Number of protein chains: 2
Amino acid sequence: MTGPDFDLSQLKLPEPQQLEAYFALTEAVSLLQHQVEQQLRAEGGISTVQFQILMALNGAGQLTMTQLADGVVYSRSGLTYQAGLLEKAGLVTRGPSPEDERATLVAITPKGRDTVAKVLPGHIEVTRRLLYEAVPAADLRRLRDIMSRVRDHIREEPPRSAAPRRRRTS
Amino acid sequence: MTGPDFDLSQLKLPEPQQLEAYFALTEAVSLLQHQVEQQLRAEGGISTVQFQILMALNGAGQLTMTQLADGVVYSRSGLTYQAGLLEKAGLVTRGPSPEDERATLVAITPKGRDTVAKVLPGHIEVTRRLLYEAVPAADLRRLRDIMSRVRDHIREEPPRSAAPRRRRTS
DNA sequence: ACACATTGCTTCGAATTCGAAGCAGGTAGG
DNA sequence: CCTACCTGCTTCGAATTCGAAGCAATGTGT
């Protein structure tokens with residue numbers, strides 16, 4: 001074991017409130033996601049990921065697999081699997097892109113839009129009950145601003161361990 | 001299909017900012033979790049769930065499986081699996097409770113504490129870079145307060161579909 | 001003490017997840 | 001055009017996840 005042998009309780013953290021914020025954040029979101037999962041499954045027979053995919057497509061009409069995977073924060077292979085399920089269920093279609101023969105364009109079907117329309121009210125109701133109800137409107141706006149900033153900040157980050165995509169130095 | 005046939009774009013949401021807050025929240029947390037996962041795996045060979053379990057035990061010393069599962073927001077069976085892995089790795093021990101013969105007490109080992117001590121600095125560093133860096137201290141405090149409130153609010157909720165645990169009406 | 005619901009945990013099977021490897025289309029330099 | 005690399009997606013295998021069912025210990029009412 002190469003680890004230090006001091007007791008954790010002696011670890012003086014710069015800002016203990018920081019970890020608290022992080023833990024409260026992840027715990028609350030876990031609880032929230034869990035309830036949302038139940039509602040989506042019960043009312044629409046879809047999972048959270050599938051709902052996210054459908055919501056993304058509902059706004060954009062059609063997207064490539066890569067765009068979708070990036071949008072919903074999902075592995076490529078996982079998305080292939082989910083897109084397969086959605087296609088089998090008739091909620092999306094997959095076809096080649098006219099521009100790039102490699103790309104797969106995923107498009108939402110009318111049935112897919114129906115599903116979104118069917119589950120969205122319940123989805124909003126659940127989030128209202130669990131999230132909005134606990135947070136005054138002013139704080140909700142702050143929350144949105146803060147988390148939007150965090151999201152953008154993380155998206156900007158270069159993937160730490162992936163070599164900075166520099167062109168070959170010629 | 002029983003779904004309404006109107007276009008989603010016509011759906012007048014009470015507060016469009018609400019969904020935005022929810023989506024920004026889940027997206028940011030997904031991105032954050034993803035990076036944290038990499039760091040924990042790389043530096044300590046443990047997953048996020050395992051880290052959460054160790055952190056809970058690091059504070060409490062020992063907990064029952066149920067207490068752990070509730071604390072970490074995880075299925076019972078999933079926790080059994082993870083506790084098995086952690087025990088095999090020598091980071092925790094499992095034993096019967098003196099008070100309740102059914103209960104399994106999970107306790108953290110010195111090696112488990114070493115692991116926490118080993119990964120925690122890196123964990124803090126990642127969250128600092130991705131979360132704290134993007135959020136001024138004042139907002140971070142607000143974020144903590146808001147999400148703590150949300151967490152408590154959800155925990156209070158009766159599990160919607162589970163019958164209100166009323167005693168048999170005699 | 002005796003039934004019977006409840007609680008705490010594990011086992012089981014099916015579904016989902018990810019990364020690594022593979023395949024085909026696209027692109028750049030000579 | 002040829003070689004080499006890059007990109008977009010899928011396939012594959014291994015690990016993880018959950019809920020349902022099962023098992024043992026507790027609690028409750030009579």
Side-chain angles (χ1 to χ4, degrees), chain A residues 30 33-35 37-38 40-42 45-53 62-89 92 94-106 159 161-163 165-170, chain B residues 30 33-35 37-38 40-42 45-53 62-89 92 94-106 159 161-163 165-170:
Chain A
S30 288
Q33 301 263 46
H34 199 262
Q35 304 275 311
E37 182 83 31
Q38 310 300 109
L40 291 176
R41 182 64 69 192
I46 60 176
S47 65
T48 302
V49 196
Q50 292 171 339
F51 174 68
Q52 290 173 325
I53 293 173
Q62 61 176 30
L63 294 168
T64 67
M65 295 291 283
T66 296
Q67 289 172 322
L68 260 182
D70 286 349
V72 295
V73 192
Y74 220 62
S75 71
R76 306 303 163 89
S77 52
L79 184 64
T80 294
Y81 178 75
Q82 289 296 340
L85 292 184
L86 287 174
E87 187 178 36
K88 201 169 300 178
V92 307
R94 280 188 291 186
S97 166
E99 303 182 356
D100 189 334
E101 194 62 31
R102 297 165 297 178
T104 298
L105 276 181
V106 185
S161 54
R165 51 178 64 201
R166 70 172 56 227
R167 296 170 162 281
R168 287 166 291 151
T169 52
S170 58
Chain B
S30 287
Q33 301 263 46
H34 199 263
Q35 304 275 311
E37 183 83 31
Q38 310 300 109
L40 291 176
R41 183 64 70 191
I46 59 176
S47 66
T48 301
V49 196
Q50 292 170 339
F51 174 68
Q52 290 173 324
I53 294 173
Q62 61 176 30
L63 293 169
T64 67
M65 294 292 282
T66 296
Q67 288 173 322
L68 261 182
D70 285 349
V72 180
V73 192
Y74 219 61
S75 71
R76 307 304 162 92
S77 52
L79 184 63
T80 295
Y81 177 75
Q82 288 297 339
L85 293 184
L86 287 174
E87 187 178 37
K88 201 170 300 177
V92 307
R94 279 190 291 187
S97 164
E99 302 182 355
D100 190 333
E101 194 62 31
R102 296 166 297 178
T104 298
L105 276 182
V106 185
S161 55
R165 50 179 65 202
R166 69 170 57 228
R167 296 170 162 281
R168 286 166 292 150
T169 53
S170 57

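Just so we're clear, the structure is a prediction, and the values are computed from it rather than from any experiment. A, B, ... follow the sequence lines: proteins, then strands. Residue 1 opens every chain.
Between A:Ala103 and A:His34, the residue whose closest nucleotide on DNA chain D is further toward the 5' end is A:Ala103. Mapping B:Ala83 and A:Leu79 onto DNA chain C via the closest heavy atom, the residue that lands nearer the 5' end is B:Ala83.
What separates CD of B:Gln38 from P of C:dC18 is a distance of 11 Å, to the nearest Å. C:dT27 atom P lies 6 Å from atom CZ of A:Arg102, rounded to whole Å. At whole-Å resolution of the value, CG in B:Asp70 and P in C:dC9 are 10 Å apart. The interatomic distance linking A:Met65 (CE) with C:dA24 (P) rounds to 18 Å, in whole Å. Protein atom OH of A:Tyr81 is 18 Å distant from nucleotide atom P of D:dT16, rounded to whole Å. Look at CD on B:Glu101: it is 17 Å from C1' on C:dT6, rounded to the nearest Å. Distance, A:Leu40 CG to D:dC18 C1': 16 Å, rounded to whole Å. Across the protein-nucleic acid pair, B:Leu63 atom CG and C:dC9 atom P stand 11 Å apart, rounded to whole Å.
Residue contacts shown for A:Leu85 are limited to sugar-phosphate atoms, with no base heavy atom under 4.0 Å away. B:Ser47 comes within 4.0 angstrom of nothing in the nucleic acid, heavy atoms only. In this structure, B:Thr80 reaches the bases: a heavy-atom distance under 4.0 Å links it to at least one base atom across the strands shown.
On a pure distance criterion of 3.5 Å, a polar donor-acceptor pair joins the side chain of A:Ser77 and the base of C:dG19. The base of C:dG8 lies outside donor-acceptor range of the side chain of B:Thr66, with no N or O pair under 3.5 Å.
In this structure, A:Tyr74 reaches the C:dT17 phosphate: one of its side-chain N or O atoms is under 4.0 Å from OP1 or OP2. For the pair A:Gln82 and C:dT17, the criterion of a side-chain N or O lying under 4.0 Å from OP1 or OP2 is met. Between A:Arg94 and the phosphate of D:dT10, there is a side-chain N or O to OP1/OP2 separation shorter than 4.0 Å.
Minimum heavy-atom separation, A:Tyr74 to A:Leu79: CD2-N, 3.7 Å.
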Original post:
Yes or no on side-chain contact (heavy atoms from CB on, under 4.5 Å) for B:Leu105 and B:Gln67, after CA distance, side-chain angles and deciding distance?
Top reply: CA-CA 10 Å; B:Leu105 276 182; B:Gln67 288 173 322; 5.5 Å; no
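You'll find that the side chain of B:Asp100 is closest to D:dA25, out of C:dG26, D:dC12, D:dA25.
Once rounded to the nearest 0.5 Å, the distance linking CE of B:Met65 with OG of B:Ser97 reads 13.5 Å.
Under the 4.5 Å side-chain criterion, counting only non-hydrogen atoms from C-beta, B:Val106 is not in contact with B:Thr64.
Side-chain atoms of A:Gln33 never come within 3.5 Å of backbone atoms of A:Ser30 as a donor-acceptor pair (strictly under, hydrogens ignored).
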